[in-house]
Q: 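First the structure, which I've put down as structure tokens, then a few questions once you've had a look.
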There are 2 protein chains.
Amino acid sequence: MRAVIMHAPGDVRVEEREDPRIVEPTDAVIRLAATCICGSDLWPYRGADQPEDQHMGHEYVGVVEEIGSAVATLEVGDFVVGSFVISCGECGICREGHPSRCVHAVFVDGAIGTQAERARIPFADGTLVKTPGMPDADLVPSLLAASDVLGTGWFAADAAQAGPGRIVAVVGDGAVGLMGVLAARQMGAERIIVFSRHADRQALAREYGATDIIEARGDEGVAALEELTGGLGAHSTIEAVGTQEAMMQAIRATRPGGSIGFVGVSHDVEIPGGELFFSAVHLHGGPAPVRRYLPELIDLIWRREIDPGTVFDLTLPLAEAAEGYRAMDERRATKVLLTV
Amino acid sequence: MRAVIMHAPGDVRVEEREDPRIVEPTDAVIRLAATCICGSDLWPYRGADQPEDQHMGHEYVGVVEEIGSAVATLEVGDFVVGSFVISCGECGICREGHPSRCVHAVFVDGAIGTQAERARIPFADGTLVKTPGMPDADLVPSLLAASDVLGTGWFAADAAQAGPGRIVAVVGDGAVGLMGVLAARQMGAERIIVFSRHADRQALAREYGATDIIEARGDEGVAALEELTGGLGAHSTIEAVGTQEAMMQAIRATRPGGSIGFVGVSHDVEIPGGELFFSAVHLHGGPAPVRRYLPELIDLIWRREIDPGTVFDLTLPLAEAAEGYRAMDERRATKVLLTV
């Protein structure tokens, strides 16, 4: 089969690899229907992490081709959505609702790689959720988004306790931040303020539910937010970048007693304890427990109540994955869908 | 009147000061019934903070002697308990339940100082809560504890989401940590594991509800905790110290999806963003919003359902405050009550 391999920063190729097979009785092999490139794939692409012939991709939808003897909830032919972290569904951490830190957790990225034609998914019962039937073609991008970018934005909004009567601030106007806007609106947030300097992303943010845009960043951005919120700050802040500046902006934008959901993968971030202490905010984040939200997200998509697939602004065949990475790196695209 | 002044680290004296008077119509002047020395008073005492002729004390119970013309909920002669932070009770942050970060917040310590015979309390309606009547003498220590040490331990347990079915870990066996144990038991925690190396504090911890004691610290302590919790860690961790070691111990002791309530005043703490990200814990802390809990705590004490006053293991007259500081500094006492 064909698969996307990153040999070094900036060096992405589509190459032949062996077809995956069932290894454990709890495995499923799926044929990918669609996959995509994640903002987090840009960390190794830009050299912030070191890829070593890494089999890329961790967002996926597809059709079950084969199942192990112990798989109970899936059948060959089912259309499935999976999380970017393998989870058993049965350990204490999974049962308590945090499957992305399952005691058997494996990151799909690297270990499996779903920018490919097929993938072996361990703990298929715990990781995959089947859709009510074969989806219409126009639903596929939205179901694919649920796999990570929507699920992560949803977790960020949930961790930030977005909801009725709450003012939400979003730091980061990439795909995850934009999905955080959609999630916050769906959760009933009163007002959604997005920090963004890019006209196209501002437009998409407004489409998803943003009520205000702030172009300033850092402490200047925080001052602008305070002006919009009677000096008090946001109740709920989504941090979807992962840098020191973004984290400090999120902490300072949040009012005392408010909550921050941080989902940008932290790179060289040090949080000053004293400032966090006196800020009196709630801080929760990490790799999103997407599997927890999948049934609800699939249901919302199936009933066409949300349309997160519009976050994909470039679609390419798998063979042109390298161009997809370039387009995202150069900000010509927010999020690239790869057809398989 | 007499008041306790810290002139420099280690230099505490009882001196004459002018009696406080009503300044604003929202003020009350109270005659202290009892006050105490806080673990946080040891930071300046030991030179970690620089005191400058600081009027000490922020925990207090007493009788209202005089009220300003705008005070509506109190009368002269009421017995009252106050928080260690002045709060108006009416701003957005107070209404949302975080009075310790009221937009008019003033720390009683330094600005007012309740290690004294009398104190002027601004925003009396928002800061003070009257008891149902004049308390029996044996209830006074418990009511005094509600003012900070119990209120802070209670907040820590609440922020850590202690409750039925939850395993609670407590880092720090000082008075606040011990009150966190009492709070966690009251909230219905299934198991309460306390890190402690001091036999007397271990005994008190068990009296308040600790089910297990771990003597090891740091990563060794975390390993011992994991052994007690099936490898998963605590659901709810109270951090009641404020050092880097204690914060990292708390983060590492907490299972993914679990919660940390941190109330030790952070001194030189830097939280590594990457480790916090992948830990997937909830982090919430800061100066406790004690005023939020006072009505409930006073009720529990009044009905004799909790007896936090036992945390005081040394009682001295105000005139001997310097000896009280020495006893706490030398760990001869956990918590010192000063009679006025």
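Below, chain A is the first sequence line, B the second, and so on; all start at residue 1.
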Q: Counting heavy-atom pairs under 4.5 Å to chain A, which of B:Pro289, B:Gly231, B:Gly285 comes out on top?
A: B:Gly285
Q: Using non-hydrogen atoms and a 4.5 Å limit, figure out which bit of A:Val263 sits close to chain B: side chain, backbone, both or neither.
A: backbone
Q: Taking B:Pro272, B:Ser259, B:Pro287 one by one, which has the highest count of heavy-atom pairs under 4.5 Å against chain A?
A: B:Pro287
Q: Start with the C-alpha distance between A:Ile93 and B:Arg255, add both sets of side-chain angles, then the distance that settles side chain to side chain contact (heavy atoms under 4.5 Å, CB included), and finish with yes or no.
A: CA-CA 8 Å; A:Ile93 304 300; B:Arg255 67 179 62 193; 4.0 Å; yes
Q: Checking A:Arg101 side chain against B:Phe278 main chain: does a donor-acceptor pair fall under 3.5 Å?
A: yes
Q: Can you check whether A:His235 reaches B:Glu96 side chain to side chain, under 4.5 Å on heavy atoms?
A: yes
Q: Should the pair B:His282 and A:His284 be assigned to parallel (<30°), tilted (30 to 60°) or perpendicular (>60°) ring geometry?
A: parallel
Q: Tell me whether B:Arg217 at atom CZ has more than 12 heavy atoms from other residues, nucleotides or ligands lying less than 6.0 Å away.
A: no
Q: Identify which of B:Leu283, B:Asp268, B:Leu232 forms the greatest number of heavy-atom pairs closer than 4.5 Å to chain A.
A: B:Leu283
Q: Using a 4.5 angstrom heavy-atom cutoff, name the option from A:Gly273, A:Ser100, A:Cys91, A:Ala159 with the most pairs to chain B.
A: A:Gly273
Q: Is B:Phe262 close to A:Leu276 at the side-chain level, that is, under 4.5 Å between some pair of heavy atoms?
A: yes
Q: What part of B:His267 is in contact with chain A, defined as an atom under 4.5 angstrom from a non-hydrogen atom: side chain, backbone, both or neither?
A: neither
Q: Determine the minimum heavy-atom distance between A:Gly274 and B:Ser266, stating which atoms define it.
A: N-CB, 3.6 Å
